[in-house]
Amino acid sequence: MALAQEPGVSSIRVKSRIISSFQLGSSETRFGTLEFVGGLDMSSTSDRFGSMSAFHFLDAGHRFLGVTDTGSWYAGRILRDAEGKPASVEDYRMAPILGEDGLPLDGKRDSDAEGMAVSGRTVTLSFERNHRVAEYDLDTERFASRPKTLPLPVPGEELRTNRGIETIAYAPEDGPLR
């Protein structure tokens with residue numbers, strides 16, 4: 001069902017099943033410095049749901065933003081139980097990623113978003129096939145931002161069709177790559 005106030009934005013019902021152990025039959029939760037706190041097996045009857053390439057929490061583990069390799073943004077909220085473990089997803093929305101012309105990206109060649117990094121109000125995406133890196137304004141309500149294309153960090157001819165920039169990150173301001 002589409003949200004009336006935003007034409008391109010769709011609200012999608014997502015079912016969640018709690019994943020309470022990292023490995024079946026094991027109660028182990030510590031893996032070096034990492035601790036498994038829980039997970040969700042999510043499903044939907046919507047044919048738009050899936051193909052998730054990147055995911056980023058926008059706050060302390062509740063609101064999230066992501067992209068699919070089929071050219072969509074997705075956003076929502078993780079609900080947590082009394083112990084802080086993931087319990088379900090609510091307010092799940094999807095919308096097409098827009099091109100410079102303000103229209104949804106068209107075809108797999110242009111819409112294959114793979115990596116995403118968020119810094120303040122800027123979202124940087126990497127795409128493969130039609131290799132590029134683009135910045136968008138953070139907009140989890142209307143998803144109406146148009147991209148600003150950035151220079152590729154490597155020569156484009158060195159990237160293979162479906163093996164481009166799979167992830168992207170911001171270097172720390174105080175680090176050597178600032």
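Predicted model only: the values in this text are computed from it and were never measured.
Between Phe31 and Phe36, the gap from one ring centroid to the other reaches at least 6.0 Å.
Side-chain contact check for Thr122 versus Leu138: every heavy-atom pair is 4.5 Å or farther apart. Tyr136 places none of its side-chain heavy atoms less than 4.5 Å from the side chain of Thr124. Proximity of Trp73 to Val123: side-chain heavy atoms (C-beta onward) are separated by under 4.5 Å at one or more points. Between Ile168 and Glu114 the shortest side-chain heavy-atom distance does not fall below 4.5 Å. The shortest distance between side-chain heavy atoms of Ser43 and Arg13 does not fall below 4.5 Å. Looking at Arg48 and Ser72, their side chains come closer than 4.5 Å, going by heavy atoms from C-beta outward.
Other residues, nucleotides and ligands contribute more than 12 heavy atoms inside 6.0 Å of the CG atom of Asp81. No more than 12 heavy atoms of other residues, nucleotides or ligands shown are found within 6.0 angstrom of CZ on Phe22. The environment of NZ in Lys108 is crowded: more than 12 heavy-atom neighbours from other residues, nucleotides or ligands sit within 6.0 Å.
Contact between Ser53 and Ala113 at its shortest, heavy atoms only, is OG-O, 3.0 Å. For the residue pair Ser16 and Ala87, the shortest heavy atom distance occurs at CB-O, 4.3 Å. In plain terms, the two heavy atoms of Ser126 and Ile165 that are nearest each other are OG-O, 2.8 Å. Phe143 and Ala75 make their closest contact through CZ-CB, 3.8 Å (heavy atoms, listed as atom of the first residue, atom of the second, distance).
For Arg30 and Glu35, the salt-bridge test passes: some basic side-chain N is under 4.0 Å from an acidic carboxylate O.
A donor-acceptor pair shorter than 3.5 Å can be found between the side chains of Glu100 and Thr149.
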Side chain to side chain contact (heavy atoms under 4.5 Å, CB included) assessment of Phe64 paired with Thr140 = CA-CA 9 Å; Phe64 60 84; Thr140 61; over 6 Å; no
Derivation and outcome, side chain to side chain contact (heavy atoms under 4.5 Å, CB included), residues Arg80 and Lys85 | CA-CA 5 Å; Arg80 295 178 179 272; Lys85 296 179 180 182; 5.8 Å; no
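In this pair, Tyr74 and Tyr92 present their aromatic rings parallel. The plane angle is below 30°, not in the 30 to 60° band.
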